[in-house]
Amino acid sequence: MLPAWLGAGAALKYVIEKEGKQAILDEMWQQWPFFNTRIAMLEMVYAKADLWLAEYYDHRLVEERLWPLGVKLREQLSEDIKSVLAVSKDEALMADLPWIAESIALRNVYTDPLNVLQAELLHRSRQQEHPDPRVEQALMVTIAGVAAGMRNTG
């Protein structure tokens with residue numbers, strides 16, 4: 001989901017802090033349906049992001065020398081969430097749509113284990129000289145399961 005959010009929160013933060021245009025963003029939030037929808041979509045993407053899982057994938061699948069990039073991206077995500085909440089004036093993501101927030105939380109019970117299993121299967125797959133059809137099939141099942149659980153992305 002990185003392409004859906006990377007840069008958006010940083011741009012909002014810049015406009016608020018460096019340009020001092022919080023009032024303009026407030027007006028856009030209240031009067032521009034497109035802007036309001038974009039902020040709501042960012043909230044949904046952020047709500048689906050899981051910092052712990054992202055770190056787990058990094059530590060399981062990425063060379064240690066690249067871990068600082070993952071740390072930086074997770075820090076950026078946390079900062080971006082704060083920027084979006086500053087625009088929406090909410091204390092938590094998806095505060096205006098609690099049923100979606102609850103749905104995301106409920107699906108995590110099922111998708112989190114699939115994500116962990118997926119990382120493990122990817123790790124095994126990368127260690128094999130010749131692909132094991134059982135590992136490949138199990139990996140495809142986890143991909144389909146995560147995508148189904150996320151409802152619009154996997």
Side-chain angles (χ1 to χ4, degrees), residues 1-123 138-154:
M1 293 191 294
L2 186 70
W5 64 262
L6 187 60
L12 291 170
K13 183 177 180 177
Y14 179 85
V15 168
I16 293 167
E17 293 181 1
K18 303 287 190 222
E19 299 288 324
K21 297 186 178 178
Q22 177 76 49
I24 292 173
L25 291 178
D26 292 345
E27 180 182 335
M28 290 169 64
W29 169 253
Q30 294 170 9
Q31 298 180 15
W32 294 19
F34 178 81
F35 184 72
N36 189 292
T37 299
R38 175 65 176 137
I39 296 299
M41 303 259 318
L42 280 171
E43 285 193 45
M44 183 176 62
V45 168
Y46 293 149
K48 288 184 175 186
D50 189 319
L51 296 174
W52 178 85
L53 275 174
E55 184 175 8
Y56 184 79
Y57 272 85
D58 277 359
H59 286 247
R60 197 67 182 127
L61 299 169
V62 177
E63 295 176 34
E64 189 171 349
R65 68 182 179 84
L66 299 174
W67 289 356
L69 176 60
V71 170
K72 184 176 180 180
L73 288 170
R74 288 187 296 280
E75 289 170 355
Q76 183 65 53
L77 177 63
S78 294
E79 287 299 310
D80 287 1
I81 290 170
K82 291 175 190 173
S83 297
V84 165
L85 291 174
V87 172
S88 68
K89 305 285 193 259
D90 289 326
E91 291 185 26
L93 295 171
M94 309 293 298
D96 58 333
L97 297 168
W99 62 275
I100 293 178
E102 184 177 340
S103 175
I104 291 169
L106 289 173
R107 65 106 184 146
N108 286 346
V109 173
Y110 301 100
T111 59
D112 285 356
L114 286 173
N115 274 293
V116 171
L117 181 57
Q118 185 176 94
E120 292 303 316
L121 290 166
L122 281 167
H123 178 76
L139 184 56
M140 293 302 128
V141 169
T142 64
I143 291 170
V146 170
M150 303 275 293
R151 310 241 334 154
N152 62 357
T153 184

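Start at 1 with the first residue, then count along the sequence.
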Verdict with reasoning, E79 to K82, per salt bridge (charged side-chain N to carboxylate O under 4.0 Å, His left out): CA-CA 5 Å; E79 287 299 310; K82 291 175 190 173; 3.3 Å; yes
Evaluation steps, side chain to side chain contact (heavy atoms under 4.5 Å, CB included), between I16 and V87: CA-CA 9 Å; I16 293 167; V87 172; 4.2 Å; yes
Atom pair [atom1]/[atom2] of [X] and [Y] - distance to nearest 0.5 Å:
| X | Y | atom1 | atom2 | value |
| --- | --- | --- | --- | --- |
| D80 | K13 | CG | NZ | 8.5 Å |
| K21 | L12 | NZ | CG | 13.5 Å |
| I104 | Y46 | CD1 | OH | 14.0 Å |
| S103 | M44 | OG | CE | 10.5 Å |
| L51 | L73 | CG | CG | 10.5 Å |
| K48 | I100 | NZ | CD1 | 9.0 Å |

E43 (side chain) donor-acceptor with L93 (main chain) under 3.5 angstrom: no
W5 side chain vs L42 backbone, donor-acceptor pair below 3.5 Å: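 Checked: no pair found.
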Which heavy atom in [X] sits nearest to a heavy atom in [Y], and how many Å separate them?
| X | Y | value |
| --- | --- | --- |
| M94 | A101 | CB-CB, 3.7 Å |
| T111 | G149 | CG2-CA, 3.7 Å |
| D58 | G70 | OD2-CA, 3.2 Å |
| R38 | A8 | NH2-CB, 3.9 Å |

Parallel, tilted or perpendicular: rings of F35 and W32 (30°, 60°):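 Ring orientation, 0 to 90° scale: perpendicular.
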What I'd like to find out is whether the side chain of [X] reaches to under 4.5 Å of the side chain of [Y], using heavy atoms alone.
| X | Y | result |
| --- | --- | --- |
| E19 | I24 | no |
| I143 | L114 | no |
| L25 | M28 | yes |

Test item: side-chain donor near acceptor, N115 and Y57, under 3.5 Å: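 Yes, side-chain donor-acceptor contact under 3.5 Å.
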Flag if over 12 foreign heavy atoms under 6.0 Å of CH2, W52: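 For W52, atom CH2 is crowded (more than 12 foreign heavy atoms under 6.0 Å).
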Within 6.0 Å of CD in E64, more than 12 heavy atoms from elsewhere: no
Pairs involving residues 85-109, ordered by first then second residue, that meet salt bridge (charged side-chain N to carboxylate O under 4.0 Å, His left out) (sequence neighbours left out): D26-K89
